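One-based numbering, in listed order, for ligands and for the atoms of each. Sequential numbering from 1 along the given sequence is applied to the chain's residues. None of the values given here were measured: they were computed from a predicted structure.
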Amino acid sequence: MTRLLLGAVLLGYLSDHIAAQVMLPAPSQVMFKSTDYKNVLHWTPPTNSSSLQYKVQWKIYGEPDWLDAESCQGIHKRHCDLSSVTSKTSEWYYARVSAVSALSSSRSAWTLSPRFSPRWDTKITPPSLKASVTQQGIVVQVKASRGLVRKMHRSLLYNVFVIHANKSEEVFEVTCCSNLTLTKMNPRTKYCLQAQTVIPWHVKSSVRSTAKCIKTP
Ligand SMILES: *[C@@H]1O[C@H](CO)[C@@H](O)[C@H](O)[C@H]1NC(C)=O
Ligand SMILES: *[C@@H]1O[C@H](CO)[C@@H](O)[C@H](O)[C@H]1NC(C)=O
Ligand SMILES: *[C@@H]1O[C@H](CO)[C@@H](O)[C@H](O)[C@H]1NC(C)=O
């Protein structure tokens, strides 16, 4: 009898406890979106309430402890830039988000992101390409985004594609951050150029930039 009563009390306690925890629904679609090794966690809010705040934590895969993302505690926005703490490209990371309602002083359960690898999951953006005709030939200046150059400086390469009028292509490899000079080009001829960023160390490359065409004098 006593045991039964105790069971009922415990059950009552547990269900109250669980009810309190699930009162605020958790954020959904927690995931990293990463371009050029800028790693930003995004999520979908559980309700429309504009008074919701979020807390973000992260950890390295295999480590036991979750760490607070310092600039993303009690924030209103629905994303958090975790680039500075997820900067080791060889690691795997997790992050999680919880919603907090200041009005009802309740908080949601944590929602976990899928495992994230800066190396494998980041998308490399195509470089910008400028071309000008000089005495020496066509000078091609190719530049990856500033963040990518800062992070990968010595291990960045570019492929520059020279597309001839007959659609045949030539490829030139250019190291970061020097210009390519195309010499011995035919006069009064249109050449179209595209470029692609390559990170050989990570076996990664961007798509090609849109074509820029230039006519020799
Ligand atoms: C959220 O807001 C939109 C438009 O403001 C509304 O149509 C929708 O029903 C709201 N959803 C919830 C869950 O309150
Ligand atoms: C296309 O044009 C280039 C440059 O004029 C030439 O070197 C190449 O042989 C041509 N290719 C074909 C398939 O005609
Ligand atoms: C590349 O070319 C641009 C424009 O012609 C010039 O401003 C720049 O200094 C050059 N860069 C290098 C590394 O030579």
Query - Protein contact to atom 4 (C) of ligand 2 [nearest heavy atom, distance to 0.1 Å] - result: His164 ND1, 3.5 Å
Requested in this report: With sequence neighbours left out, write down each residue that passes ring pair (Phe, Tyr, Trp, His ring centres under 6.0 Å) with His153, or none if nothing qualifies.
Outcome: none
Query raised in the report: Can you check whether a protein heavy atom sits less than 4.0 angstrom from atom 2 (O) of ligand 3?
Result: yes
Query - Polar side chain donor-acceptor pair, Asp121 to Ser34, under 3.5 angstrom - result: no
Requested in this report: For atom 7 (O) of ligand 3, find the nearest protein heavy atom and state the residue, atom name and distance (0.1 Å precision).
Outcome: Gln141 NE2, 4.6 Å
**Report entry** Among Val140, Leu180, Asn179, Val142, closest by any non-hydrogen atom to atom 11 (N) of ligand 3
**Finding:** Asn179
Query raised in the report: How would you list, by chain and number, every residue that makes a ring pair (Phe, Tyr, Trp, His ring centres under 6.0 Å) with Phe32, sequence neighbours excluded?
Result: Phe116
**Report entry** For atom 8 (C) of ligand 2, the option (of Thr189, Asn186, Asn166) bearing the nearest heavy atom
**Finding:** Asn166
Query raised in the report: Gln141 side chain to Asn179 main-chain N or O, any donor-acceptor pair under 3.5 Å?
Result: no
**Report entry** Backbone N/O of Arg96 and side chain of Ser113: donor-acceptor pair under 3.5 Å
**Finding:** no
**Report entry** For Cys177, atoms of ligand 3 separated by under 4.0 Å from a heavy atom
**Finding:** 13 (C)
